[in-house]
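First up is the structure itself, then whatever we jot down about it.
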Protein chains: 2
Amino acid sequence: MLSYTEENYLKALLKICSQCEGRAEAGTNEMAAYLGVKPATATDMFKKLKEKSLVSYQRYGKISLTEIGKKNALLILRKHRLWETFLYQKLDFSWDEVHEVAEQLEHIKSEKLVNKLENFLNYPEFDPHGDPIPKANGEMPELSTRSLSELKTGETARVAAVKDTSVLFLQYLKKLGINIGTQITVLETVPFDGSLQIAIDQQEARNVSMKFAENLFVHKP
Amino acid sequence: MLSYTEENYLKALLKICSQCEGRAEAGTNEMAAYLGVKPATATDMFKKLKEKSLVSYQRYGKISLTEIGKKNALLILRKHRLWETFLYQKLDFSWDEVHEVAEQLEHIKSEKLVNKLENFLNYPEFDPHGDPIPKANGEMPELSTRSLSELKTGETARVAAVKDTSVLFLQYLKKLGINIGTQITVLETVPFDGSLQIAIDQQEARNVSMKFAENLFVHKP
DNA sequence: TTAAATTATTAGTATAGACTAAAAATTAAA
DNA sequence: TTTAATTTTTAGTCTATACTAATAATTTAA
Ligand SMILES: [Mn+2]
Ligand SMILES: [Mn+2]
Ligand SMILES: [Mn+2]
Ligand SMILES: [Mn+2]
């Protein structure tokens with residue numbers, strides 16, 4: 001049985017690994033910073049997780065999830081996203097409030113609970129942030145999405161997900177009226193700073209930074 | 001912020017205290033046995049809870065909840081019973097499956113969550129076991145007391161007190177395993193002599209006389 | 001290719017919550 | 001009212017998860 005802390009390490013590893021391009025591994029400092037602990041603490045945990053065959057790791061090397069570790073992580077992510085969907089759809093939580101509570105709910109141990117919950121929610125495919133929900137067998141549905149910054153002038157797409165899930169970003173999106181499914185058209189690109197002029201749901205134009213565009217994933221028709 | 005463990009102590013104290021008649025306090029052994037720890041462990045926790053002004057306690061004395069401790073305990077019980085109701089009503093858990101999962105869910109920290117959940121469930125008054133659900137302000141709804149003989153077939157209630165306090169009656173109750181708080185369900189009424197077929201704590205059926213039923217007070221939800 | 005900077009590990013310490021064994025206080029019996 | 005039994009507390013230990021400070025390995029720069 002995994003502890004609350006062990007589960008958070010696995011989930012962090014999944015997150016960091018899915019974000020890095022070619023490599024699928026993380027360094028001690030990177031993990032420690034992400035989890036808000038000191039590197040020495042992370043080192044200790046790496047040893048324990050290795051002992052449990054959940055990660056591949058050796059001193060002074062990078063760490064990565066084993067198959068069994070990855071499956072565990074995906075099942076926690078599944079719970080996280082199902083709970084977020086529940087909070088958003090059934091309890092009227094707003095888009096940017098669900099994450100914090102889901103961080104706690106994802107650690108509830110009951111396979112029956114998560115499967116009943118999924119059924120209750122009618123087998124949703126995406127959470128309120130547009131992220132895909134792993135299946136009960138630990139499989140993650142594949143999504144063909146790209147970041148807004150990859151679109152060319154004149155192209156239109158629909159918001160699929162966010163990369164950055166910080167409150168600051170989510171609140172900014174809220175202010176702009178951008179949700180999952182919102183249509184965005186690139187009106188103009190500004191080579192000078194990489195910023196974009198966009199139309200939100202065919203409304204008036206708006207300039208957004210390159211940083212913004214890189215953190216917004218879209219589905220292109 | 002209370003830890004998971006501290007919360008369990010408060011809840012246990014509430015449970016034990018509500019079951020004993022005049023006194024509203026518990027001994028170290030009693031608490032330790034209830035929580036499945038050794039007495040030495042309980043002693044340590046008592047000191048900590050006293051430090052936080054959640055209990056009244058001094059060495060070699062009994063322990064009881066302070067007002068603030070009681071309110072905390074009631075708010076945990078509120079979460080427990082609301083989650084049990086959710087699992088039972090919305091996720092099709094059976095009566096005897098809800099408790100274990102609610103033991104975990106009751107520790108989720110979010111006032112907004114519990115209040116939204118209560119709203120989602122339409123402000124239920126009782127959990128699936130027929131126990132009353134404390135309100136958001138920490139108040140426990142008062143239960144109406146009546147004699148067992150006033151219950152109708154199918155109704156369930158909890159033993160609140162006895163009318164007849166004779167040794168004969170009390171010994172009979174003891175033999176039947178009936179205490180304050182024991183759950184009694186009326187399975188069948190016998191119009192012929194006013195006797196009742198009852199289930200004691202969901203155990204096998206038993207016939208009791210009208211005289212018996214008239215002398216046992218129960219709380220009905 | 002040596003030196004400096006970065007990154008990661010060890011060693012030792014702390015706290016929460018558990019345990020066992022021994023001692024102390026209280027309560028019940030003789 | 002002594003003695004015996006029971007209850008409770010103390011003292012010392014353990015594990016999980018943190019921390020700091022010191023050390024070691026790796027990587028980058030000169
Ligand atoms: Mn989230
Ligand atoms: Mn999400
Ligand atoms: Mn319960
Ligand atoms: Mn209940």
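Labels below follow one simple rule: chain letters A, B, ... track the order of the sequence lines, proteins then strands, and each chain is numbered from 1. Computed from a predicted model, the values in this text were never measured in an experiment. Because only heavy atoms are used, hydrogens play no part in the values below, and waters and symmetry mates are left out as well, while side chains stay in.
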Taking only N and O in the side chain of A:Thr28, is any of them less than 4.0 Å away from OP1 or OP2 of C:dT7? no

Would you say C:dA8 has OP1 or OP2 under 4.0 Å from some side-chain N or O of A:Asn29? yes

Measure from CE on A:Met31 to P on D:dA18 and round the result to the nearest Å. 11 Å

Close N/O contacts between protein and nucleotides 10-12 of chain D (under 3.5 Å):
unit_1	atom_1	unit_2	atom_2	d
D:dT10	OP1	B:Arg59	NH1	2.8
D:dT10	OP2	B:Lys47	NZ	2.7

note: B:Lys38, atom NZ; C:dT20, atom C1'; distance rounded to Å ~ 9 Å

Test side chain to side chain donor-acceptor pair (under 3.5 Å), reference A:His107, set A:His80, A:Lys11, A:Glu7, output is A:Glu7

Length of the CE-C1' vector between B:Met1 and C:dA16, whole Å: 16 Å

Measure from OH on A:Tyr4 to P on C:dA16 and round the result to the nearest Å. 18 Å

Could you tell me if the side chain of B:Ile198 sits less than 4.5 Å from the side chain of B:Ile200, heavy atoms only? yes

Let me know, please, whether A:Tyr60 or A:Glu6 comes out on the 5' side of the other along DNA chain D by nearest nucleotide. A:Glu6

Taking only residues two or more places apart in sequence, or in another chain, which ones meet A:Lys52 in a salt bridge (Lys or Arg N to Asp or Glu O under 4.0 Å)? A:Glu6

For A:Tyr9 and D:dA18, what is the distance between atoms OH and C1' respectively, to the nearest whole Å? 9 Å

A:Phe46 CZ - D:dA16 C1' separation (whole Å): 17 Å

Going by atom types alone, do A:Asn137 and A:Arg78 pair a side-chain donor with an acceptor below 3.5 Å? no

Students often get this wrong, so: under 4.0 angstrom with heavy atoms, is B:Thr41 touching a base, only sugar-phosphate, or nothing? base

Should A:Trp83 and A:Leu117 count as side-chain neighbours, where that means a heavy-atom distance under 4.5 Å? yes

In whole angstroms, the gap separating C1' of C:dT6 from CD of A:Glu30 amounts to 15 Å

Within 45° of the six-membered ring axis of B:Phe86 and under 6.0 Å from that ring's centre, is NZ or CZ of A:Lys90 located there? no

Output the rounded distance in Å from NZ (B:Lys62) to P (C:dT26). 13 Å

Residue set satisfying side chain to side chain contact (heavy atoms under 4.5 Å, CB included) with B:Lys70, at least two apart, ordered chain then number -> B:Leu14, B:Leu65, B:Leu74

